[in-house]
Novice: 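One structure follows; several queries about it will come next.
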Amino acid sequence: MHPWPATPEQAIALQEELRHQVDPTDSGAEPPRYVAGLDVAYDGDRLAAAVVVLQELREVDRAVVLGRTTFPYVPGLFAFREIPALVEALGRLRITPDLLVCDGQGLAHPRRFGLACHLGVLTGLPSVGVAKTAFVGSWAEPGPSRGATSDLVLDGEVVGQVVRTQNKTKPVFVSVGHRIGLGTAVERVLGLTPRYRLPETTRAADHLCRQALKGSS
DNA sequence: GCGACAG
DNA sequence: ATCTTGTCGC
């Protein structure tokens, strides 16, 4: 396929090329049976990537991969740091997810190709990005109650939604990854946050990669 | 030129 | 991401 970039310049060139393959529509948005959460934990140059698959908020599959960082953290190129290990973990699942819930941005990215878009395009699976903080764009504070939203705007374009997933808690930043529309993406995120600020998928993956990293040191 | 900057 | 205790509030 494509050679994995070794420099920031090559990484940006790859994003510019792949961004055109993103499908920002509901083409793969049938209510998902299997929803996967993905996350990576670090300890120096060691890392643990985890994927946890939930069916109706109950875990039905999981995979963890231990490895080492191969790319530095550069704002805008975050995906190159986590994708190799995450793709390997996805390959170790028994169940193929119907939706990937990524810890980071999708279209809410300088080149409209954040981690969620990249993972979606590489796997061909529907994906959404759920970030804890904003990266690009401007927005208004959404209302105080769960379900309230406001547009995340970049260059006059709505690239995501700021979503209040719990009453009086900081909102999360939801953006389209691949094969799902923004409205549906927000709907899915709200369905995954019945109790906490972050999706149950993200929480499960976060716990798994952290314990895996510790248990391997 | 000066800050800001997913995790 | 990670460094880090207690504490305020539901």
Side-chain angles (χ1 to χ4, degrees), chain A residues 8 11-12 14-15 18-19 22 37-52 64-87 89 100-122 127-139 144-146 152-155 158-178 182 185 189 193-199 201-217:
Chain A
I12 289 175
L14 183 55
Q15 291 182 325
L18 297 180
R19 61 180 293 188
V22 171
L38 306 84
D39 194 24
V40 181
Y42 300 86
D43 176 30
D45 66 338
R46 294 195 317 121
L47 64 79
V51 181
V52 176
V64 197
V65 165
L66 295 174
R68 290 184 175 284
T69 56
T70 60
F71 208 92
Y73 168 66
V74 178
L77 301 180
F78 172 56
F80 296 90
R81 189 172 168 74
E82 311 210 323
I83 280 186
L86 286 176
V87 168
L100 304 181
V101 178
C102 310
D103 195 3
Q105 319 286 348
L107 290 177
H109 176 278
R111 288 170 292 282
R112 308 292 197 281
F113 200 68
L115 173 67
C117 297
H118 206 142
L119 274 171
V121 167
L122 286 187
S127 65
V128 303
V130 181
K132 295 179 284 298
T133 63
F135 180 35
V136 294
S138 54
W139 71 95
S145 55
R146 167 175 157 78
L152 177 58
V153 182
L154 178 62
D155 298 326
V158 176
V159 296
Q161 291 279 303
V162 184
V163 183
R164 189 86 65 187
T165 56
Q166 293 301 323
N167 296 335
K168 294 177 297 175
T169 61
K170 277 163 52 76
V172 296
F173 298 77
V174 178
S175 58
V176 168
H178 188 51
L182 185 53
V189 170
T193 51
R195 166 137 196 218
Y196 301 101
R197 178 193 176 220
L198 299 179
T201 38
T202 300
R203 290 167 50 77
D206 180 72
H207 289 158
L208 178 54
C209 64
R210 288 200 202 200
Q211 69 111 79
L213 193 59
K214 283 193 175 186
S216 67
S217 61

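On a predicted model such as this, the values are computed, not experimentally measured, just so you know.
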Novice: Just call it for L47(A): base, sugar-phosphate, or nothing, with non-hydrogen atoms closer than 4.0 Å on any strand.
Specialist: nothing

Novice: Going by salt bridge (charged side-chain N to carboxylate O under 4.0 Å, His left out), name the pairs with one or both residues in residues 108-119 of chain A, residues two or more places apart or in two chains.
Specialist: R112(A)-D155(A), R112(A)-E157(A)

Novice: Listed by chain and number, what are the side chain to side chain contact (heavy atoms under 4.5 Å, CB included) partners of S175(A), not counting sequence neighbours?
Specialist: Q105(A), A108(A)

Novice: Can you give the dot-bracket line for DNA chain B, using ( ) for pairs inside the strand, [ ] for pairs that cross earlier ones, | for pairs with another strand and . for unpaired bases, where Watson-Crick and G-U count if both distances are under 3.5 Å?
Specialist: .......

Novice: Distance check, rounded to the nearest 0.5 Å: S217(A) atom OG versus R46(A) atom CZ?
Specialist: 5.5 Å

Novice: Donor-acceptor pair, R210(A) side chain versus A41(A) backbone, under 3.5 Å?
Specialist: no

Novice: Might you point out which heavy atoms bring R146(A) and T193(A) nearest each other, and give the distance in Å?
Specialist: NH1-O, 2.6 Å

Novice: Go through DNA chain B in 5' to 3' direction and return only the first and the last nucleotide with some atom under 4.0 Å of chain A's heavy atoms.
Specialist: dC5(B) to dG7(B)

Novice: So, using side chain to side chain contact (heavy atoms under 4.5 Å, CB included) as the criterion, who are the partners of A11(A) when residues are at least two apart?
Specialist: P5(A), F71(A), L77(A), F80(A)

Novice: Just checking A41(A): base, sugar-phosphate only, or nothing, at a heavy-atom cut-off of under 4.0 Å?
Specialist: sugar-phosphate

Novice: Can you sort out which residues in residues 127-138 of chain A have a heavy atom within less than 4.0 Å of DNA chain B? Ascending by number, please.
Specialist: A131(A), K132(A), T133(A), A134(A), F135(A)

Novice: So which of residues 65-81 of chain A are in contact with DNA chain B, with a heavy-atom cut-off of under 4.0 Å?
Specialist: Y73(A), P75(A), G76(A), L77(A), F78(A)

Novice: With salt bridge (charged side-chain N to carboxylate O under 4.0 Å, His left out) as the rule and sequence neighbours excluded, what pairs involving residues 100-110 of chain A come up?
Specialist: D103(A)-K132(A)

Novice: Applying side-chain contact (heavy atoms from CB on, under 4.5 Å) between S127(A) and each of V22(A), L38(A), L100(A), V176(A), report the one that passes.
Specialist: L100(A)

Novice: Just verifying a value: how many Å separate F113(A) CZ and R19(A) CZ, rounded to the nearest 0.5 Å?
Specialist: 9.5 Å

Novice: Under the 3.5 angstrom rule, does the side chain of H109(A) hit a backbone N or O of G76(A) as a donor-acceptor pair?
Specialist: yes

Novice: Figure out the CG/P separation between D45(A) and dT2(C), and round it to whole Å.
Specialist: 14 Å

Novice: Reading DNA chain C 5' to 3', what string of ( ), [ ], | and . shows its pairs, if Watson-Crick and G-U wobble pairs count only when both distances fall under 3.5 Å?
Specialist: ..........

Novice: Kindly compute the distance separating CZ (F135(A)) from CZ (F78(A)), expressed to the nearest 0.5 Å.
Specialist: 10.0 Å

Novice: Between R164(A) and P171(A), what is the shortest heavy-atom contact and its length?
Specialist: NH1-CD, 3.4 Å

Novice: Applying salt bridge (charged side-chain N to carboxylate O under 4.0 Å, His left out) as the test, list every pair that has at least one member in residues 66-85 of chain A; sequence neighbours left out.
Specialist: D45(A)-R68(A)

Novice: Which nucleotides of nucleotides 3-10 of chain C have their base under 4.0 Å from a protein heavy atom (B), which only their sugar-phosphate (S), and which neither (-), written as one string 5' to 3'?
Specialist: -------S

Novice: Show the nearest heavy-atom pair for residues L154(A) and G137(A), with the distance to one decimal.
Specialist: CD1-N, 3.9 Å

Novice: Taking all heavy atoms of A116(A) and all of C102(A), pick out the closest pair and write down the distance.
Specialist: CA-SG, 3.8 Å

Novice: If you compare all heavy atoms of V51(A) against all heavy atoms of L86(A), which two are closest, and at what distance to 0.1 Å?
Specialist: CG2-O, 4.3 Å

Novice: Restricting to non-hydrogen atoms, name the atom on T69(A) and the atom on G44(A) that form the minimum distance, rounded to 0.1 Å.
Specialist: CG2-O, 4.4 Å

Novice: Would you please name every residue forming a salt bridge (charged side-chain N to carboxylate O under 4.0 Å, His left out) with R197(A), sequence neighbours left out?
Specialist: none

